[in-house]
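Below is one structure; the comments refer to it alone.
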Amino acid sequence: PLFACMEMAVQGEDGKPVLPLFLDRAEAQQAVEDAMAADDGDAKLEIVGLSLHKALEQLVSQESSAFSFVPPASSLAHIQSYLENSGGA
């Protein structure tokens with residue numbers, strides 16, 4: 001599943017809203033907590049789980065929105081380690 005907070009869109013390069021979709025629920029929760037702390041904790045933000053099919057349905061039905069897939073930090077660390085150990089970085 002993918003995890004998102006529908007109220008947590010960020011501005012994309014073209015000025016349109018971009019909704020981050022997390023592959024790791026714990027990282028989505030951390031992003032929500034960070035956003036709530038930045039907003040003085042007044043907002044109540046909820047994480048929803050989406051299947052890829054549901055995410056694509058939402059993307060097609062809302063022309064003005066886009067998604068940004070957020071890979072797990074552990075995946076990025078693994079790739080970085082691989083590149084460092086293989087002489088690629």
Side-chain angles (χ1 to χ4, degrees):
L2 302 166
F3 303 96
C5 175
M6 300 312 223
E7 296 84 21
M8 213 169 78
V10 296
Q11 185 173 345
E13 292 178 13
D14 60 358
K16 293 182 180 178
V18 176
L19 181 66
L21 290 179
F22 295 84
L23 282 81
D24 183 290
R25 189 184 194 299
E27 291 181 18
Q29 182 65 43
Q30 185 62 53
V32 165
E33 289 173 9
D34 292 347
M36 287 177 16
D39 194 32
D40 296 325
D42 292 337
K44 295 293 181 190
L45 304 176
E46 179 183 355
I47 296 173
V48 295
L50 298 168
S51 67
L52 182 57
H53 180 77
K54 183 70 171 175
L56 291 175
E57 280 181 355
Q58 287 194 2
L59 186 60
V60 170
S61 69
Q62 300 175 7
E63 293 179 19
S64 63
S65 65
F67 293 132
S68 170
F69 292 92
V70 181
S74 60
S75 295
L76 295 175
H78 177 76
I79 291 168
Q80 183 63 37
S81 175
Y82 173 80
L83 291 174
E84 289 172 357
N85 292 326
S86 68

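Atoms considered below: every heavy atom in the structure, side chains included; atoms not considered: hydrogens, waters and symmetry mates.
- Between the SG atom of Cys5 and the CD atom of Glu33 there is a distance of 11.5 Å, given to the nearest 0.5 Å.
- Separation of atoms CD1 (Ile79) and OG (Ser74) is listed at 9.5 Å; rounding is to 0.5 Å.
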Go through the steps for Leu2 and Leu23 under the test side-chain contact (heavy atoms from CB on, under 4.5 Å), then give the verdict. CA-CA 5 Å; Leu2 302 166; Leu23 282 81; 4.1 Å; yes
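- Between the CG atom in Leu52 and the CZ atom in Phe67 there is a gap of 9.5 Å [rounded to 0.5 Å].
- The line from OG of Ser81 to CD of Glu84 is 6.5 Å long, rounded to the nearest 0.5 Å.
- A donor-acceptor pair under 3.5 Å is absent between the side-chain atoms of Glu27 and the main chain of Phe22, judged by distance alone.
- Asp24 is linked by a side chain to side chain donor-acceptor pair (under 3.5 Å) to nothing, counting only residues two or more places apart in sequence or in another chain.
- Scanning for side chain to side chain donor-acceptor pair (under 3.5 Å) contacts around Glu7 gives an empty result, with sequence neighbours left out.
- Taken from CE in Met8 to CG in Asp34, the straight-line distance is 8.5 Å, to the nearest 0.5 Å.
- Follow the hydrophobic side-chain contacts under 4.5 Å out from Leu56 and you reach Val48 in the same cluster.
- What you find for Pro20 and Ala9 is that their closest heavy atoms are CD-CA, 4.3 Å.
- The CD1 atom of Ile47 sits 12.0 Å away from atom CE of Met6, with the distance rounded to the nearest 0.5 Å.
- Side-chain contact between Met36 and Val32: present, with at least one pair of heavy atoms (C-beta onward) separated by less than 4.5 Å.
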